[in-house]
J.: 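The following block contains the structure, expressed as C-alpha coordinates.
Computation of the quantities below employed the complete heavy-atom set of this structure, encompassing side-chain atoms and omitting hydrogens, waters and symmetry-equivalent molecules.
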Amino acid sequence: MIIRLDKFLAEMGYGTRSQVKKELAKGNVTLNGQVIRKPETKVDTEKDRVCWKDEPAVYAEYEYFMLNKPAGVVSATEDKREKTVIDLLSRDGSEQGMPAARRGDLFPVGRLDKDTEGLLLITNDGELAHRLLSPRKHVDKVYYARIRGRVTDEDREAFARGMDIGDDRPALPAELEILDAGETSEVRVTLREGRFHQVKRMFRAVGKEVVYLKRLSMGSLALDEGLAPGEYRRLTEEEVKKLC
Ligand code: URA
(Lines give C-alpha, C1' and ligand atoms only; values in the text may rest on other atoms or scores of the structure.)
Protein backbone atom coordinates (compact mmCIF):
# COMPACT_ATOMS: atom_id res chain seq x y z
CA MET A 1 0.00 0.00 0.00
CA ILE A 2 1.27 3.48 -0.88
CA ILE A 3 0.40 6.17 1.66
CA ARG A 4 1.56 9.69 2.63
CA LEU A 5 4.07 9.73 5.49
CA ASP A 6 1.98 12.05 7.69
CA LYS A 7 -1.12 9.87 7.18
CA PHE A 8 0.88 6.72 7.96
CA LEU A 9 2.10 8.21 11.24
CA ALA A 10 -1.25 9.71 12.25
CA GLU A 11 -3.06 6.40 11.58
CA MET A 12 -0.48 4.58 13.68
CA GLY A 13 -1.37 6.85 16.59
CA TYR A 14 1.71 9.12 16.73
CA GLY A 15 -0.52 12.18 16.94
CA THR A 16 -2.87 14.24 14.82
CA ARG A 17 -1.77 15.15 11.28
CA SER A 18 -0.61 18.59 12.51
CA GLN A 19 1.30 17.15 15.52
CA VAL A 20 2.99 14.67 13.19
CA LYS A 21 3.92 17.46 10.76
CA LYS A 22 5.63 19.34 13.61
CA GLU A 23 7.70 16.27 14.51
CA LEU A 24 8.61 15.81 10.84
CA ALA A 25 9.79 19.43 10.70
CA LYS A 26 11.99 18.79 13.78
CA GLY A 27 13.72 15.93 11.96
CA ASN A 28 12.29 13.22 14.20
CA VAL A 29 11.24 10.87 11.37
CA THR A 30 13.39 8.85 8.99
CA LEU A 31 12.46 6.89 5.88
CA ASN A 32 14.96 4.20 4.96
CA GLY A 33 17.54 5.94 7.15
CA GLN A 34 17.07 9.45 5.69
CA VAL A 35 15.52 12.29 7.71
CA ILE A 36 12.30 13.30 5.93
CA ARG A 37 10.60 16.62 6.63
CA LYS A 38 7.97 16.63 3.87
CA PRO A 39 4.63 15.25 5.14
CA GLU A 40 3.45 14.42 1.62
CA THR A 41 6.34 11.98 1.01
CA LYS A 42 4.94 8.65 -0.22
CA VAL A 43 5.65 5.46 1.75
CA ASP A 44 5.36 1.91 0.47
CA THR A 45 4.09 0.14 3.61
CA GLU A 46 5.39 -3.22 2.37
CA LYS A 47 8.96 -2.18 1.60
CA ASP A 48 9.92 1.10 3.27
CA ARG A 49 11.36 1.40 6.75
CA VAL A 50 9.96 4.29 8.80
CA CYS A 51 11.44 5.31 12.16
CA TRP A 52 9.87 7.67 14.69
CA LYS A 53 12.46 9.08 17.11
CA ASP A 54 14.77 6.17 16.16
CA GLU A 55 12.10 3.51 16.90
CA PRO A 56 10.66 1.50 13.98
CA ALA A 57 7.06 2.44 13.08
CA VAL A 58 5.28 -0.51 11.45
CA TYR A 59 2.10 -0.04 9.47
CA ALA A 60 -1.00 -2.18 10.05
CA GLU A 61 -4.14 -1.54 7.99
CA TYR A 62 -6.39 -3.40 10.40
CA GLU A 63 -5.88 -4.66 13.93
CA TYR A 64 -8.14 -7.00 15.90
CA PHE A 65 -7.89 -7.54 19.66
CA MET A 66 -9.90 -9.61 22.09
CA LEU A 67 -10.11 -7.94 25.52
CA ASN A 68 -11.40 -9.53 28.69
CA LYS A 69 -13.03 -6.32 29.86
CA PRO A 70 -12.75 -5.80 33.60
CA ALA A 71 -15.49 -4.11 35.63
CA GLY A 72 -14.92 -0.40 36.21
CA VAL A 73 -13.92 0.72 32.71
CA VAL A 74 -16.21 2.18 30.07
CA SER A 75 -16.67 0.85 26.53
CA ALA A 76 -15.66 4.06 24.77
CA THR A 77 -12.61 5.43 22.99
CA GLU A 78 -12.35 8.55 25.15
CA ASP A 79 -13.93 9.77 28.35
CA LYS A 80 -13.19 12.87 30.41
CA ARG A 81 -13.60 11.14 33.78
CA GLU A 82 -13.55 7.38 33.35
CA LYS A 83 -10.89 4.92 32.22
CA THR A 84 -11.81 3.45 28.82
CA VAL A 85 -11.21 0.05 27.26
CA ILE A 86 -8.87 1.75 24.77
CA ASP A 87 -6.77 3.07 27.69
CA LEU A 88 -6.12 -0.58 28.61
CA LEU A 89 -4.31 -1.27 25.32
CA SER A 90 -0.58 -0.84 25.60
CA ARG A 91 0.89 1.48 22.95
CA ASP A 92 4.43 0.26 23.44
CA GLY A 93 4.05 -3.39 24.52
CA SER A 94 5.39 -2.53 27.96
CA GLU A 95 2.54 -4.43 29.68
CA GLN A 96 3.85 -7.92 30.38
CA GLY A 97 3.07 -10.37 27.59
CA MET A 98 0.62 -8.02 25.87
CA PRO A 99 0.96 -6.94 22.27
CA ALA A 100 1.50 -3.29 21.41
CA ALA A 101 -1.44 -1.73 19.61
CA ARG A 102 -0.25 0.19 16.56
CA ARG A 103 -3.34 1.93 15.23
CA GLY A 104 -4.64 5.13 16.75
CA ASP A 105 -8.19 4.61 15.47
CA LEU A 106 -9.18 1.49 17.42
CA PHE A 107 -12.67 1.29 18.92
CA PRO A 108 -14.74 -1.29 20.82
CA VAL A 109 -17.33 -3.20 18.77
CA GLY A 110 -20.48 -2.50 20.74
CA ARG A 111 -20.73 -1.69 24.40
CA LEU A 112 -20.63 -3.56 27.64
CA ASP A 113 -21.86 -1.74 30.74
CA LYS A 114 -19.22 -0.33 33.08
CA ASP A 115 -19.83 -3.15 35.58
CA THR A 116 -19.95 -5.94 32.92
CA GLU A 117 -16.91 -8.11 32.27
CA GLY A 118 -15.87 -10.32 29.40
CA LEU A 119 -15.44 -10.44 25.67
CA LEU A 120 -14.96 -7.18 23.85
CA LEU A 121 -13.65 -7.03 20.30
CA ILE A 122 -11.48 -3.99 19.61
CA THR A 123 -10.60 -3.10 16.04
CA ASN A 124 -10.48 -0.32 13.46
CA ASP A 125 -12.42 -2.44 10.92
CA GLY A 126 -15.64 -0.46 10.58
CA GLU A 127 -17.25 -2.84 8.09
CA LEU A 128 -16.79 -5.84 10.36
CA ALA A 129 -18.17 -3.87 13.31
CA HIS A 130 -21.19 -2.88 11.26
CA ARG A 131 -21.88 -6.49 10.26
CA LEU A 132 -21.56 -7.74 13.84
CA LEU A 133 -23.76 -5.02 15.28
CA SER A 134 -26.41 -4.76 12.58
CA PRO A 135 -29.80 -5.58 14.17
CA ARG A 136 -30.75 -7.43 10.96
CA LYS A 137 -27.82 -9.87 11.24
CA HIS A 138 -28.93 -11.36 14.60
CA VAL A 139 -25.41 -12.25 15.70
CA ASP A 140 -25.66 -14.39 18.87
CA LYS A 141 -24.19 -12.94 22.05
CA VAL A 142 -23.79 -15.30 24.99
CA TYR A 143 -23.57 -14.09 28.60
CA TYR A 144 -22.94 -15.75 31.93
CA ALA A 145 -24.87 -14.07 34.75
CA ARG A 146 -25.51 -14.38 38.47
CA ILE A 147 -29.02 -13.40 39.48
CA ARG A 148 -30.37 -12.50 42.90
CA GLY A 149 -33.10 -15.05 43.69
CA ARG A 150 -34.23 -18.33 42.17
CA VAL A 151 -34.49 -18.34 38.37
CA THR A 152 -37.38 -20.54 37.29
CA ASP A 153 -38.74 -22.41 34.28
CA GLU A 154 -41.35 -19.63 33.93
CA ASP A 155 -38.50 -17.14 33.52
CA ARG A 156 -36.96 -19.41 30.89
CA GLU A 157 -40.28 -19.54 29.04
CA ALA A 158 -40.71 -15.77 29.24
CA PHE A 159 -37.25 -15.28 27.72
CA ALA A 160 -38.07 -17.84 25.00
CA ARG A 161 -41.26 -15.96 24.04
CA GLY A 162 -39.56 -12.55 23.90
CA MET A 163 -40.80 -9.79 26.18
CA ASP A 164 -41.67 -6.16 26.66
CA ILE A 165 -38.68 -4.39 28.22
CA GLY A 166 -40.02 -0.88 27.76
CA ASP A 167 -38.93 -0.24 24.15
CA ASP A 168 -41.24 0.31 21.20
CA ARG A 169 -40.68 -3.32 20.11
CA PRO A 170 -40.52 -6.35 22.41
CA ALA A 171 -37.14 -8.00 22.92
CA LEU A 172 -36.63 -10.94 20.56
CA PRO A 173 -36.85 -14.46 21.97
CA ALA A 174 -33.71 -15.30 23.94
CA GLU A 175 -32.37 -18.55 25.33
CA LEU A 176 -32.10 -18.76 29.11
CA GLU A 177 -30.21 -21.75 30.42
CA ILE A 178 -30.40 -22.28 34.18
CA LEU A 179 -27.02 -23.56 35.41
CA ASP A 180 -27.85 -23.38 39.11
CA ALA A 181 -30.99 -22.13 40.86
CA GLY A 182 -30.88 -20.97 44.48
CA GLU A 183 -30.62 -17.86 46.62
CA THR A 184 -28.34 -16.63 43.89
CA SER A 185 -28.81 -18.34 40.53
CA GLU A 186 -26.32 -18.88 37.74
CA VAL A 187 -27.51 -18.70 34.15
CA ARG A 188 -26.35 -18.51 30.57
CA VAL A 189 -28.29 -16.16 28.28
CA THR A 190 -28.10 -16.08 24.47
CA LEU A 191 -29.33 -12.87 22.83
CA ARG A 192 -29.83 -12.34 19.11
CA GLU A 193 -29.71 -8.55 19.41
CA GLY A 194 -27.81 -6.07 21.52
CA ARG A 195 -29.98 -3.43 23.12
CA PHE A 196 -28.86 -1.10 25.89
CA HIS A 197 -28.71 -2.97 29.26
CA GLN A 198 -30.64 -5.79 27.59
CA VAL A 199 -29.82 -8.68 29.93
CA LYS A 200 -30.46 -6.55 33.01
CA ARG A 201 -33.72 -5.22 31.58
CA MET A 202 -34.96 -8.70 30.63
CA PHE A 203 -34.38 -9.91 34.18
CA ARG A 204 -35.98 -6.78 35.59
CA ALA A 205 -39.04 -7.57 33.44
CA VAL A 206 -39.39 -10.90 35.30
CA GLY A 207 -38.79 -9.19 38.67
CA LYS A 208 -35.14 -10.19 39.17
CA GLU A 209 -31.79 -8.48 39.45
CA VAL A 210 -28.49 -9.23 37.71
CA VAL A 211 -25.66 -9.07 40.24
CA TYR A 212 -22.82 -10.13 37.91
CA LEU A 213 -22.60 -10.20 34.12
CA LYS A 214 -19.90 -11.44 31.78
CA ARG A 215 -19.98 -11.83 27.99
CA LEU A 216 -18.66 -15.19 26.84
CA SER A 217 -18.99 -14.96 23.06
CA MET A 218 -20.13 -12.90 20.10
CA GLY A 219 -20.90 -14.81 16.89
CA SER A 220 -18.02 -17.22 16.25
CA LEU A 221 -15.68 -15.39 18.64
CA ALA A 222 -15.37 -16.88 22.13
CA LEU A 223 -13.58 -15.29 25.08
CA ASP A 224 -10.19 -16.86 25.66
CA GLU A 225 -10.50 -17.99 29.29
CA GLY A 226 -6.73 -17.69 29.61
CA LEU A 227 -7.15 -13.91 29.64
CA ALA A 228 -7.57 -12.44 33.13
CA PRO A 229 -9.83 -9.37 33.40
CA GLY A 230 -7.93 -6.45 31.84
CA GLU A 231 -5.80 -8.70 29.62
CA TYR A 232 -6.05 -8.86 25.86
CA ARG A 233 -4.48 -10.54 22.85
CA ARG A 234 -4.58 -10.25 19.08
CA LEU A 235 -7.16 -12.40 17.30
CA THR A 236 -5.65 -15.29 15.39
CA GLU A 237 -5.95 -15.25 11.58
CA GLU A 238 -8.46 -18.09 11.92
CA GLU A 239 -10.63 -16.08 14.32
CA VAL A 240 -10.59 -13.06 12.01
CA LYS A 241 -11.45 -15.22 8.97
CA LYS A 242 -14.41 -16.82 10.76
CA LEU A 243 -15.78 -13.41 11.80
CA CYS A 244 -15.43 -11.78 8.35
N1 URA B 1 -26.77 -6.60 28.74
C2 URA B 1 -26.61 -5.80 29.80
O3 URA B 1 -27.54 -5.56 30.57
N4 URA B 1 -25.39 -5.23 29.98
C5 URA B 1 -24.34 -5.47 29.17
O6 URA B 1 -23.25 -4.95 29.42
C7 URA B 1 -24.53 -6.32 28.08
C8 URA B 1 -25.76 -6.88 27.88
J.: Pair V109, L128 - check side-chain contact (heavy atoms from CB on, under 4.5 Å), show working.
T.: CA-CA 9 Å; V109 177; L128 173 66; over 6 Å; no
J.: Do P108 and L67 have side chains that approach each other closer than 4.5 Å (heavy atoms only, starting at C-beta)?
T.: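 Side-chain contact under 4.5 Å: no.
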J.: Show me the donor-acceptor pairs within less than 3.5 Å that the side chains of residues 27-36 make with the rest of the protein, sequence neighbours left out.
T.:
residue: N28; atom: ND2; partner: E23; partner atom: OE1; Å: 2.6
residue: N32; atom: OD1; partner: R49; partner atom: N; Å: 2.7
residue: N32; atom: ND2; partner: D48; partner atom: OD1; Å: 3.0

J.: Apply side-chain contact (heavy atoms from CB on, under 4.5 Å) to residues Y59 and V43 and explain how you reach the verdict.
T.: CA-CA 10 Å; Y59 191 78; V43 178; over 6 Å; no
J.: What pairs of residues pass the salt bridge (charged side-chain N to carboxylate O under 4.0 Å, His left out) test when at least one of them lies in residues 119-146, not counting sequence neighbours?
T.: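 For residues 119-146: D140-R192.
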J.: Taking atom CG of N68 and atom CE of M66, what is their separation to the nearest 0.5 Å?
T.: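 Rounded to the nearest 0.5 Å, the CG-CE separation comes to 9.5 Å.
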J.: Would you say the rings of Y143 and Y212 are close, in the sense that their centroids are separated by under 6.0 Å?
T.: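 Not under 6.0 Å, so no.
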J.: Are any of the side-chain heavy atoms of D167 and F196 separated by less than 4.5 Å?
T.: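 The answer is no; the side chains never approach within 4.5 Å.
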J.: Evaluate the criterion side-chain contact (heavy atoms from CB on, under 4.5 Å) for residue pair R103 and M12; output intermediate values, then yes/no.
T.: CA-CA 4 Å; R103 299 228 35 133; M12 290 308 103; 3.5 Å; yes
J.: Does some side-chain heavy atom of E186 sit less than 4.5 Å from a side-chain heavy atom of T184?
T.: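 With C-beta onward as the side chain, the pair stays apart.
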J.: Please examine the side chains of I86 and I122, heavy atoms only from C-beta on, and report whether any two atoms are closer than 4.5 Å.
T.: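 Yes, their side chains come closer than 4.5 Å.
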J.: Taking C-beta and beyond as the side chain, do K38 and L5 meet within less than 4.5 Å on heavy atoms?
T.: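 With C-beta onward as the side chain, the pair stays apart.
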J.: Tell me which pairs pass salt bridge (charged side-chain N to carboxylate O under 4.0 Å, His left out) where either residue lies in residues 60-73, with sequence neighbours left out.
T.: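 Checked against salt bridge (charged side-chain N to carboxylate O under 4.0 Å, His left out) - neighbours excluded - the pairs reaching residues 60-73 are E63-R234.
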J.: If the threshold is 4.0 Å, N to carboxylate O, is there a salt bridge linking K7 and E11?
T.: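 Answer for the salt bridge query: yes.
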J.: Just by distance, with hydrogens left out, do Y14 and Q19 show a side-chain donor and acceptor under 3.5 Å apart?
T.: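 On atom types as modelled, these side chains do not qualify, holding no pair under 3.5 Å.
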J.: Checking D113 now: which residues fulfil side chain to side chain donor-acceptor pair (under 3.5 Å) with it, not counting sequence neighbours?
T.: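 Only H197, K200 meet the side chain to side chain donor-acceptor pair (under 3.5 Å) criterion with D113.
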J.: I need the full list of ring pair (Phe, Tyr, Trp, His ring centres under 6.0 Å) pairs touching residues 61-87, with sequence neighbours left out, sorted by first then second residue.
T.: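 Every ring pair (Phe, Tyr, Trp, His ring centres under 6.0 Å) pair that includes a residue of residues 61-87, provided the two are not neighbours, is F65-Y232.
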J.: I'd like to know if L121 and V85 are part of one continuous hydrophobic network [Ile/Leu/Val/Met/Phe/Trp/Tyr, side-chain heavy atoms within less than 4.5 Å].
T.: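 The answer is no; the residues belong to distinct hydrophobic clusters.
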J.: Please tell me if the side chains of V187 and D155 come closer than 4.5 Å, counting only heavy atoms from C-beta onward.
T.: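 A side-chain contact is absent here, since even the closest heavy-atom pair is not under 4.5 Å.
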J.: List the steps and the verdict of side-chain contact (heavy atoms from CB on, under 4.5 Å) for T152 and E157.
T.: CA-CA 9 Å; T152 63; E157 285 156 18; over 6 Å; no
J.: Taking atom CD1 of I3 and atom CG of D6, what is their separation to the nearest 0.5 Å?
T.: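 Separation between the atoms: 8.5 Å.
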J.: Side chains of K42 and R4, heavy atoms from C-beta outward: is any pair under 4.5 Å?
T.: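 Counting from C-beta outward, K42 and R4 do come under 4.5 Å.
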J.: Say you draw a straight line from CD1 of I165 to CD of Q198; how long is it, rounded to the nearest 0.5 Å?
T.: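 So the CD1 of I165 and the CD of Q198 are separated by 5.0 Å.
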J.: Considering only Ile, Leu, Val, Met, Phe, Trp and Tyr, and joining two whenever side-chain heavy atoms are under 4.5 Å apart, list the other residues clustered with L172.
T.: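 None, because no other hydrophobic side chain comes under 4.5 Å of this residue.
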J.: I'd like to check R156 versus D153 (side-chain heavy atoms, cut-off strictly below 4.5 Å). Are they in contact?
T.: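 Heavy-atom side-chain distance check passes, below 4.5 Å.
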J.: Do L223 and V73 land in one hydrophobic cluster if side-chain heavy atoms of ILVMFWY residues count as linked below 4.5 Å?
T.: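 No; V73 is not reachable from L223 via cluster members.
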